[in-house]
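Just below is one structure, and these are the notes that go with it.
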Amino acid sequence: MGEDGARDWIRGDETAKQMLSRVLKDRAFLLLPPLHRVPLRAGNVVEVTGASPSAKTQILIQAAITCILPKTWNGIHYGGLGKLVLFLDLDCRFDVLRLSQMLKHRLLQANRIGNGTWWQLEESNVRDCRSAHEKSKTSFDEELYVSCMKRFLYVRCYDSLELLSCLKTLDYRIRQQESCGSQVGVLMIDSIGAFHWTDRLSSLLALETHNRKSLSLTNVVETIVQEMKKLLQVHSLVVIATKATIYEEKYPTNENNRKFSLNDDLSGNVASKAQQIPFREFMPSSWQAFVTHKLIIRQSADHQSLQTGQESLSAYSLEWLQPQLSSIDQFIVDDSGIVIVS
């Protein structure tokens with residue numbers, strides 16, 4: 001390398017300020033419970049698996065609210081990331097009113113803590129406020145609420161071809177948002193296996209028309225994965241996808257029942273048991289290799305229901321499979337969102 005080449009190499013290197021800006025922008029972050037056990041970085045692909053229903057969409061909504069909320073606003077700490085969320089709804093059952101309700105609850109809760117006022121976040125209390133002073137305690141910043149909702153970008157897809165078309169245009173949409181000063185933080189897919197059976201039927205029909213390659217279930221999923229990989233190479237994103245289970249294995253999630261015996265340890269069966277998943281995998285291998293984190297949600301065997309006043313709420317258990325963690329979180333879903341109970 002000559003003198004000119006060395007000079008060009010030095011000039012092409014990034015400064016310490018640029019390096020810190022890049023590292024801090026892509027640093028790991030923690031989401032609210034129940035996804036709080038493992039820090040996530042750009043490029044991670046999280047698969048949330050569970051029977052239908054098992055609060056999978058509720059987890060996505062809670063994670064989305066953490067992403068679209070700012071860290072601080074007018075001196076009040078909200079603890080959010082201040083980034084955009086791309087939500088791809090493949091089930092076509094998303095409830096935007098539920099998102100609005102949970103977002104308002106987070107805003108009210110942050111205002112309560114920030115203003116030092118302690119009161120119950122119940123709609124009945126809001127309706128029963130008799131003075132303007134009391135009503136002011138139950139209000140939130142409408143401008144902040146609108147700005148948060150604008151950070152939530154919702155797309156509905158009805159088949160795999162629409163999903164592919166959407167993924168091919170996401171790069172353009174993200175660049176448009178970045179040109180306006182907004183950064184996309186999370187890509188959410190609910191649910192990734194929604195078109196499995198229709199695509200599988202299309203594969204069988206393609207055998208009769210000698211067009212197997214274009215309509216093959218494996219090829220469709222491989223193309224979807226390739227498009228998502230292209231996005232992750234260009235943009236700093238975390239992918240969170242839900243997936244409904246089929247033929248789930250029934251075994252207790254109590255930690256005491258999960259301990260291996262000494263004979264199993266000596267026989268070398270621990271590793272094989274640790275690698276077993278409690279459900280039958282139906283997604284192609286291209287998707288399985290793409291996923292970096294896996295967790296499963298089931299209705300809790302230890303807490304079938306939790307009495308809260310006049311209402312009985314179902315309890316769920318969340319277990320991390322990849323990376324494998326020893327702890328299992330129990331949670332319920334109420335009007336305010338997800339609440340950890342143990």
Side-chain angles (χ1 to χ4, degrees), residues 25-32 35 38-50 56-69 80-94 96 99 103 148-195 220-244 283-284 286-295 322:
K25 182 179 70 173
D26 297 336
R27 69 183 184 275
F29 60 86
L30 285 172
L31 295 173
L32 286 183
L35 301 181
V38 178
L40 301 176
R41 289 186 177 275
N44 290 157
V45 181
V46 184
E47 182 186 86
V48 182
T49 304
K56 299 187 298 296
T57 304
Q58 298 296 323
I59 291 177
L60 290 186
I61 293 176
Q62 183 142 310
I65 291 175
T66 302
C67 189
I68 63 180
L69 276 172
L81 302 176
K83 297 182 180 181
L84 278 76
V85 170
L86 296 172
F87 194 99
L88 306 185
D89 184 14
L90 310 188
D91 265 345
C92 302
R93 295 184 299 177
F94 181 76
V96 68
L99 170 68
L103 175 60
C148 288
M149 292 296 289
K150 287 182 178 179
R151 295 192 190 102
F152 187 84
L153 306 181
Y154 175 81
V155 181
R156 179 176 291 180
C157 302
Y158 293 95
D159 54 45
S160 293
L161 295 181
E162 284 194 11
L163 175 59
L164 276 173
S165 300
C166 176
L167 291 174
K168 287 181 176 294
T169 60
L170 279 186
D171 178 65
Y172 175 74
R173 297 188 184 189
I174 293 175
R175 292 185 186 276
Q176 274 189 321
Q177 297 294 334
E178 290 179 346
S179 64
C180 299
S182 302
Q183 182 183 2
V184 179
V186 181
L187 170 63
M188 298 183 175
I189 304 177
D190 187 25
S191 82
I192 191 60
F195 311 131
V220 169
V221 176
E222 285 179 354
T223 307
I224 291 173
V225 170
Q226 289 301 322
E227 291 298 326
M228 295 176 67
K229 285 182 177 179
K230 292 178 183 177
L231 285 175
L232 294 179
Q233 290 174 354
V234 179
H235 304 283
S236 298
L237 294 174
V238 172
V239 179
I240 305 178
T242 64
K243 185 183 70 176
M283 292 294 289
S286 57
W287 171 260
Q288 298 179 43
F290 182 53
V291 172
T292 61
H293 297 68
K294 292 184 179 181
L295 54 93
Q322 182 181 342

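All of these numbers come straight from a predicted model, not from anything done at the bench.
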Nearest heavy-atom approach of C157 to C166 is SG-CB, 4.1 Å
Just how far is it from atom NZ of K83 to atom CD of Q183, taken to the nearest 0.5 Å? 4.0 Å
Does a side-chain heavy-atom distance below 4.5 Å link E227 with L164? yes
For L31 versus A63, what's the shortest heavy-atom pair and its separation? CD1-CB, 3.8 Å
Go through the steps for L103 and L69 under the test side-chain contact (heavy atoms from CB on, under 4.5 Å), then give the verdict. CA-CA 9 Å; L103 175 60; L69 276 172; 3.9 Å; yes
If you take all heavy atoms of L232 and G43, which pair is closest and at what distance? CD1-O, 4.0 Å
Please assess V96 against M149 for the test side-chain contact (heavy atoms from CB on, under 4.5 Å), listing each intermediate value before the final yes or no. CA-CA 10 Å; V96 68; M149 292 296 289; 4.3 Å; yes
Would you give the length of the straight line joining atom OG1 of T223 to atom CG of L163, rounded to the nearest 0.5 angstrom? 10.5 Å
Spatial distance of atom CG (L167) from atom NZ (K229) [nearest 0.5 Å]: 13.5 Å
Can you name the one residue among T169, L237, L153, V234 that meets side-chain contact (heavy atoms from CB on, under 4.5 Å) with I174? L237
Do V155 and L86 come within less than 4.5 Å of each other through their side chains, counting heavy atoms only? no
What distance separates L88 CG from S191 OG, expressed to the nearest 0.5 Å? 11.5 Å
With D190 as reference, evaluate T57, L90, I240 under the side-chain contact (heavy atoms from CB on, under 4.5 Å) test and give the passing residue. T57
With a sphere of 6.0 Å drawn around CZ of R156, does it hold more than 12 non-hydrogen atoms of other residues, nucleotides or ligands? yes
Pick from K294, Q288, K243: which one makes a side-chain hydrogen bond (donor to acceptor under 3.5 Å, both in side chains) with E47? K243
Test log, rule side-chain contact (heavy atoms from CB on, under 4.5 Å), inputs L187 and L170: CA-CA 10 Å; L187 170 63; L170 279 186; 4.1 Å; yes
A side-chain contact here means heavy atoms from C-beta on lying under 4.5 Å apart; do L295 and L35 qualify? yes
Heavy atoms only: give me the nearest M283-G193 pair and the separation to one decimal. SD-CA, 4.1 Å
Please find the pair of heavy atoms, one from T49 and one from K56, that lie closest to each other, and give the distance. C-CD, 4.0 Å
With a 4.5 Å cut-off on side-chain heavy atoms, are N44 and V38 touching? no
Gap between atom CZ of F152 and atom CG of L84 - 0.5 Å precision: 11.0 Å
Please verify the inter-ring angle class for Y154 with F87; under 30° counts as parallel, over 60° as perpendicular, anything in between as tilted. parallel
Mind checking the CD1-NZ spacing from I224 to K168? Nearest 0.5 Å is all I need. 10.5 Å
Residue pair W287 / M228, side-chain heavy-atom distance below 4.5 Å: yes
Shortest non-hydrogen pair, Q322 vs T292, comes out as NE2-O, 3.1 Å
Given S165 and E162, is the side-chain contact (heavy atoms from CB on, under 4.5 Å) satisfied, shown in steps? CA-CA 5 Å; S165 300; E162 284 194 11; 5.5 Å; no
Within the side chain of T242, is there an N or O that forms a donor-acceptor pair under 3.5 Å with the backbone of V48? no
Among residues two or more places apart or on two chains, list those pairs meeting salt bridge (Lys or Arg N to Asp or Glu O under 4.0 Å) that have a residue in residues 172-181. D171-R175
